[in-house]
Every structure is written in structure tokens, then in C-alpha cells.
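Right, one structure below, let's go through it.
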Amino acid sequence: MGELKTMVQYFYDTCSKFPERPAQKFNSKLYDDNNGMFTYAELKERVEDIACALLKIGFLHKGRAAIMAPTSYMWTQVDIAIACAGGVSVTIYPTLSDTEVTYIMKDSKSTVIFVGNKEELDQIKRIWKQLKDLKTVIVMDTSFKGDNKKVYGIKDFIAIGREWRKNAANYKKYIKRKDGVKLDDWFTILYTSGTTGQGKGAIITHWTGSSRLEGTVAYFQKYNFDVNEHDVTLCYLPLSHVFDRGSCQWLALTKGSLICYADKPATLIEDMQKYNPTWINCVPRLYEKIYITMQQAMAESTLKKKLFDWAIGVGLQALEYRKDANGCYNMHPEFDLKSKLPLGLKIKYSIADKLFAKVRGLFGNRFHHSFSASAAISPDLLRFYYALGLAVVEGYGSTESFNAAVLNPITACKPGCMGKEANGSKCRVAADGELELSGAGIFKGYLNKPKETKEAFTKDGWFKTGDVVELTPDGYIKFVERKKGIICTSIGKNVAPAKIENLFSTSSWVEQIFLVGDEKPYISALIVPNFANFIALFKREGIAFDESKLVYENIGGMQICTKVGDDFINNKRLQELIDNEVKEANKRLEKFEEVKRYTILNQRFTESNGMITPTQKAKKRVIIQVYKDVIEKMYE
């Protein structure tokens with residue numbers, strides 16, 4: 001592992017090495033700022049303007065400043081600036097409720113908050129009387145004008161900082177503040193998603209971030225892989241979450257790579273065409289949706305479907321030549337698959353690969369890998385993408401481990417496993433199967449929660465992840481389930497919901513499934529159909545339904561149907577297709593794991609109804625409470 005530096009030092013070192021290289025690109029029609037691009041030299045100037053403005057308004061060393069905004073180039077600039085001002089950033093999802101935002105602001109004692117737009121400013125104004133520590137709000141919209149006393153528009157705030165640092169004495173104060181940041185200083189406070197209760201603020205120090213980044217670089221190099229100044233990443237996941245912030249934003253900033261920003265999650269495919277990234281971070285649900293979309297497109301033509309199925313069959317045959325004795329696939333971009341194939345298969349693969357190239361083209365023409373995290377991804381789905389020649393590298397991490405502590409080597413990807421201990425981490429499995437972590441990237445503790453902090457670590461200082469895993473003979477780690485998520489039935493069987501949920505991950509008809517069965521004789525499920533696909537099917541087949549009952553919500557920049565009428569879910573065609581999905585899944589399960597009964601819901605689990613977190617994890621307590629009567633009926 002290389003020499004550890006503060007996150008501030010990494011940024012300044014990169015700016016010194018690559019001043020003229022592009023650092024950020026974004027849609028200039030969406031954001032009227034610097035013609036849609038910043039070089040590293042320009043980014044440094046912008047960061048110093050914002051950091052100096054913070055000093056000008058009296059922001060203290062080790063003070064806390066919150067960021068509550070959608071992902072954007074400005075989010076990154078503010079994140080770096082807070083650190084350079086010697087401060088601690090506190091990230092807040094812009095989709096959280098007033099109650100949740102109030103809790104985080106009060107718990108963190110943030111004196112400053114950066115918000116994305118007027119809507120988020122209005123939310124802060126509604127709760128400001130409860131926030132005794134909050135002094136200043138900055139709106140990250142270049143067209144917004146504030147009173148420049150308590151509320152600033154970012155354009156004016158930048159100008160204030162630029163003017164202040166023109167004074168040599170002031171700039172000297174800034175340099176002293178910046179250079180005074182130590183490895184043990186707090187870098188950021190990240191709040192956990194709180195699937196079973198209130199979120200906790202995980203304290204991430206500069207050492208935490210630095211050790212993880214250095215560990216990642218060393219792990220990559222071990223497998224002849226690298227990220228450098230010629231790479232391009234596309235940022236579209238919430239920067240409020242550790243995943244994109246660490247292994248997209250900060251990995252790029254430390255290596256001199258270009259960070260491009262999607263207009264919104266809904267435009268990801270178009271943005272990949274526009275920015276042509278070499279890597280992205282992704283969540284399993286996106287891979288699943290791309291797969292489902294492809295299957296549906298092929299199903300519209302018998303000839304296309306036959307050709308596609310033949311090509312995939314050839315691709316899977318060829319994939320065997322990437323596989324080693326342990327069932328791991330070499331997905332390194334320099335691996336020459338065609339040279340390994342026998343003549344007959346090589347000819348067929350050359351034909352099939354022309355079709356695969358069109359699919360790969362969706363990701364741009366220089367794409368070499370993506371990281372997949374936040375949930376397990378189906379092994380069959382991974383093999384599908386590997387057959388297409390797309391390297392999806394699965395890993396595992398948490399807020400408390402500041403990104404992946406477990407990762408598949410790109411030269412030996414093993415579907416069904418999260419990977420090996422990686423990126424500077426040490427892993428061990430406790431007697432009850434819980435994964436424990438030590439080494440790089442481990443958080444300092446939970447803010448204002450000494451009891452929970454003590455409970456999170458073993459007596460010898462290893463972090464208890466709360467996840468049950470299995471260790472394979474060749475050192476790979478397989479996810480089983482969250483300890484709190486394991487269902488203990490009344491007949492003494494332990495059931496891992498993740499295993500069952502995974503069987504529905506590529507279903508065209510089941511959008512969400514929530515499993516129950518604690519202290520019950522069998523497993524039951526609450527099932528949310530894929531409303532969009534059923535709407536399309538009903539219209540295609542002339543099946544009438546009450547369209548006035550459809551409710552749409554803007555999610556990630558897309559209008560998504562979140563509720564339908566009772567007539568919709570009572571339709572026999574829908575019920576038959578859902579039932580077939582359940583029966584097919586049950587064939588792959590042990591008897592005690594089978595879904596014996598289920599209820600089809602007419603409403604999707606969303607953030608706005610409080611049933612899922614911003615990271616799309618189900619809030620178990622909330623769902624069980626809301627559907628208490630429905631669940632009880634399944635056991636009558």
C-alpha cells in the first residue's frame with residue numbers, strides 16, 4: 001500500500017500532476033457554468049473559491065457542513081471544498097422527509113447546508129426553527145439569488161470567496177487551514193439507511209478514505225489492472241451514498257480521471273453514448289432491467305428471438321474458455337478470448353459477437369468494466385453479461401467500510417460470490433457466520449452513539465458487518481443474508497430472503513417482492529407487479545382496465561406508475577403470469593423455502609410512502625406494520 005495522504009492532499013496532488021486534463025464534464029444546457037467542463041486547474045480554482053467563502057462566513061475548523069442535493073458536478077466541488085476548509089461534510093439524501101432531515105441536521109450539529117434547488121431550500125425553511133446550529137444555507141443553482149446573509153446563491157457565494165482570497169493574508173489563512181488537515185481528522189459523516197430503525201451517522205476519517213483508496217489501487221495492480229488519467233467514469237448514482245462517492249468520484253479524483261455527470265438516472269443509456277465512459281458503478285437492478293428490456297424486444301419477433309438465443313448459446317460456450325478450474329472467469333479487457341477458441345466455435349463466435357457488439361455499444365465504445373454493489377446479483381445474469389463480453393465486477397462494502405472490502409478480481413470473477421478480501425481489508429467469518437472486517441477503510445464509530453459503536457466491534461477490534469456469509473475453499477465470500485433479515489420459521493428453519501428474491505430479479509412481471517415468515521409455519525410474500533409491463537401487455541391484448549386509477553410518480557427523472565386500481569391486480573391474466581413466476585421460483589427452492597402463499601399489491605414500495613430507503617432497501621418494520629392485516633390473512 002502506498003503512502004497515506006489526506007483526501008485534501010490527494011486532490012491537490014492530482015491538480016499539480018494533471019492541471020490541463022479534463023476533470024469534470026456535464027450538460028451545459030442543464031447547468032450554465034464554465035461551458036460544461038472543468039480542467040483540474042479550473043476545478044482547483046473553483047474549490048478554493050467555495051472553501052474561502054466558507055472561511056469568510058466564519059466556518060470553523062472541524063465544523064460540519066451538510067450537502068442535500070441530487071448528484072451533479074457542483075456536488076463534487078462542494079464536497080472537496082468542505083474538506084479543504086478543514087470541515088466535515090454531512091450527506092443527506094434530497095428525497096428524505098422533513099423528520100429525517102431534521103434528525104440528521106440536529107444530530108450532526110451542521111452549521112451550514114448546501115441544497116440543490118429552491119424546493120430543497122423550502123424544505124429547510126420549514127424546519128429551520130428546529131435547527132439551532134444552522135446559520136447558513138447555500139443553494140447550488142447558478143441562477144438563484146439569496147439575501148447573502150443567511151441564504152446565498154452559489155454564484156454569489158463563489159464570488160465572495162474569490163474576492164476574499166485575493167487578499168494575501170486571507171489566502172494564507174486558507175492555506176494554513178487546508179494544510180492543517182490530518183489523517184485522523186473527520187472527513188465526512190455518512191448516515192446509514194436505517195432499514196430496521198433510525199439511521200446512524202458513521203464517522204469517516206481522512207485515514208478511512210485514504211487507506212481504502214490506496215488499498216484499492218494496490219488490489220487492482222495485483223491483478224494487472226489500473227485506473228489512470230486516461231480513464232473516464234460516469235457519475236449518476238446518489239453521491240449522498242458511499243458507493244459512487246468513493247469508487248467513482250474519489251477514485252477518479254485521486255487518479256486524475258475524468259468524471260462525467262449524467263443528466264439524471266433516467267438518461268443513463270443516452271449519457272453513456274454521449275460521454276463514452278471506461279467504467280461506471282452500477283446496481284443490480286439496472287442490469288436486470290436492461291436484460292428484461294432485451295428479452296422483451298427479442299420476443300416481439302420470432303426470428304430475432306431465435307437469432308439472439310442462438311448467439312447467447314454460442315457466447316456461453318465461448319465463455320467456458322475464460323473459466324479456470326475454480327469456476328472463475330477472466331474478464332480482463334486484455335484477455336484474448338478468440339485466440340483460445342477451437343476453429344468451429346471461433347467462426348460461430350465471430351458471427352455472434354457482431355450482435356454482442358451492438359449491445360456493448362449501449363455502454364459506449366471504450367467501456368472496460370463496471371462495479372456492481374448494494375445487493376447480490378444473480379449468477380445467471382452475470383454469466384449472461386460475461387457472454388456478451390461485458391465485465392461486471394461484483395463487490396461488497398458498507399457505509400462503515402467506506403466502499404468495497406470484498407471484490408472479485410477482474411481476472412477471476414466468480415458468479416454467486418461477492419469476491420475475495422480486497423482493497424486493503426482483512427476478512428474473517430465468526431462462528432455464527434457473520435462477516436467481520438479489519439484493516440483499511442473502517443469507520444471510527446457512530447456519531448453520538450457510544451453504545452451502538454461498542455456493539456459494532458468485537459473485543460479485538462473487528463467490525464461486525466451484520467451480514468451472514470459463507471467462505472469457499474478458494475477464498476471467495478458468498479453472501480447469505482443480513483443477520484436481522486434471516487427469517488426464523490416456527491418449524492425451526494432459517495430462510496435467507498435474498499436467495500428467494502434473487503429468483504425474481506430478472507422477472508418481467510414481478511417488480512418487488514417482500515418475504516415474511518418469522519415465527520410462522522411457512523414463507524409468504526407480498527408481491528408488487530411490474531405495472532408498466534402489465535399496462536403494455538393489457539393494451540397490446542385489448543384487456544380493459546380503469547386507467548383513471550393509475551398513479552404516477554417522478555422517480556429518478558422518470559414517470560413511474562406506483563399505484564393501480566383493484567381491477568388491475570384482480571385481472572386473471574395478471575394473476576396467471578404472477579402465479580407462474582412463483583411456481584417457477586419454487587422449483588429451485590427447498591421445500592421449507594417455498595413461497596406457499598402470496599398477496600398481490602396494487603401499490604409499489606417507494607421512498608415517498610416510506611417503505612424503502614434511498615438505497616432501495618425495504619424498510620422491514622414499516623412494511624410489516626402497514627400490511628399487518630394482509631400478512632395475517634395469509635396464515636389463516
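Since the model is a prediction, treat every value here as computed from it, not as a measurement.
In this model, a donor atom of one side chain and an acceptor atom of the other lie less than 3.5 Å apart for Thr278 and Asp231. One side chain, Ser89 or Thr188, offers a donor N or O that lies under 3.5 Å from an acceptor on the other. Side-chain contact annotation: Ser370 with Tyr287, donor-acceptor N/O pair under 3.5 Å present. Tyr152 and Asp147 share no donor-acceptor pair across their side chains, judged by distance under 3.5 Å alone.
In this structure, the ring of Tyr236 has its center no less than 6.0 angstrom from the ring center of Tyr261. If you look at Phe225 and His369, their ring centroids are closer than 6.0 Å. Between Phe18 and Tyr40, the ring center distance fails the sub-6.0 Å criterion. Here the two rings, on Trp207 and Phe443, have centers that are 6.0 Å apart or farther.
Cys282 approaches Leu286 most closely through the heavy-atom pair SG-CD2, 3.1 Å. Taking each heavy atom of Asp79 and Trp250 in turn, the nearest pair found is OD2-NE1, 3.1 Å. Contact between Ala430 and Glu436 at its shortest, heavy atoms only, is CB-OE2, 3.5 Å. Between Glu481 and Ala498, the shortest heavy-atom distance links the atoms OE1-N, 2.6 Å. Gln249 approaches Ile259 most closely through the heavy-atom pair O-CD1, 3.7 Å. Across every non-hydrogen atom of Cys427 and Ala405, the tightest pair is SG-O, 4.0 Å.
Comment: Glu100 engages Lys619 in a salt bridge, judged by a side-chain N to carboxylate O separation of less than 4.0 angstrom. A salt bridge links Lys414 with Asp474; the closest basic N to acidic carboxylate O contact falls under 4.0 Å. Ion pairing of Lys200 with Glu400 is absent here, as no side-chain N (NZ or NE/NH1/NH2) approaches a carboxylate O to less than 4.0 Å.
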Begin with the C-alpha distance, continue with both residues' side-chain angles, and end with the deciding distance and a verdict on salt bridge (Lys or Arg N to Asp or Glu O under 4.0 Å) for Lys444 and Asp184. CA-CA 9 Å; Lys444 189 177 182 70; Asp184 287 339; over 6 Å; no
Applying side-chain contact (heavy atoms from CB on, under 4.5 Å), run through Glu214 and Leu4 and close with a yes or a no. CA-CA 7 Å; Glu214 288 293 344; Leu4 300 188; 3.6 Å; yes
Worked check of side-chain contact (heavy atoms from CB on, under 4.5 Å) between Ser425 and Arg212: CA-CA 8 Å; Ser425 286; Arg212 176 62 73 220; 2.9 Å; yes
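Interatomic distance, Cys84 SG to Gln77 CD, rounded to the nearest 0.5 Å: 12.0 Å.
Residues Ile67 and Val90 form no side-chain contact, since every pair of their non-hydrogen atoms from C-beta on lies 4.5 Å or further apart.
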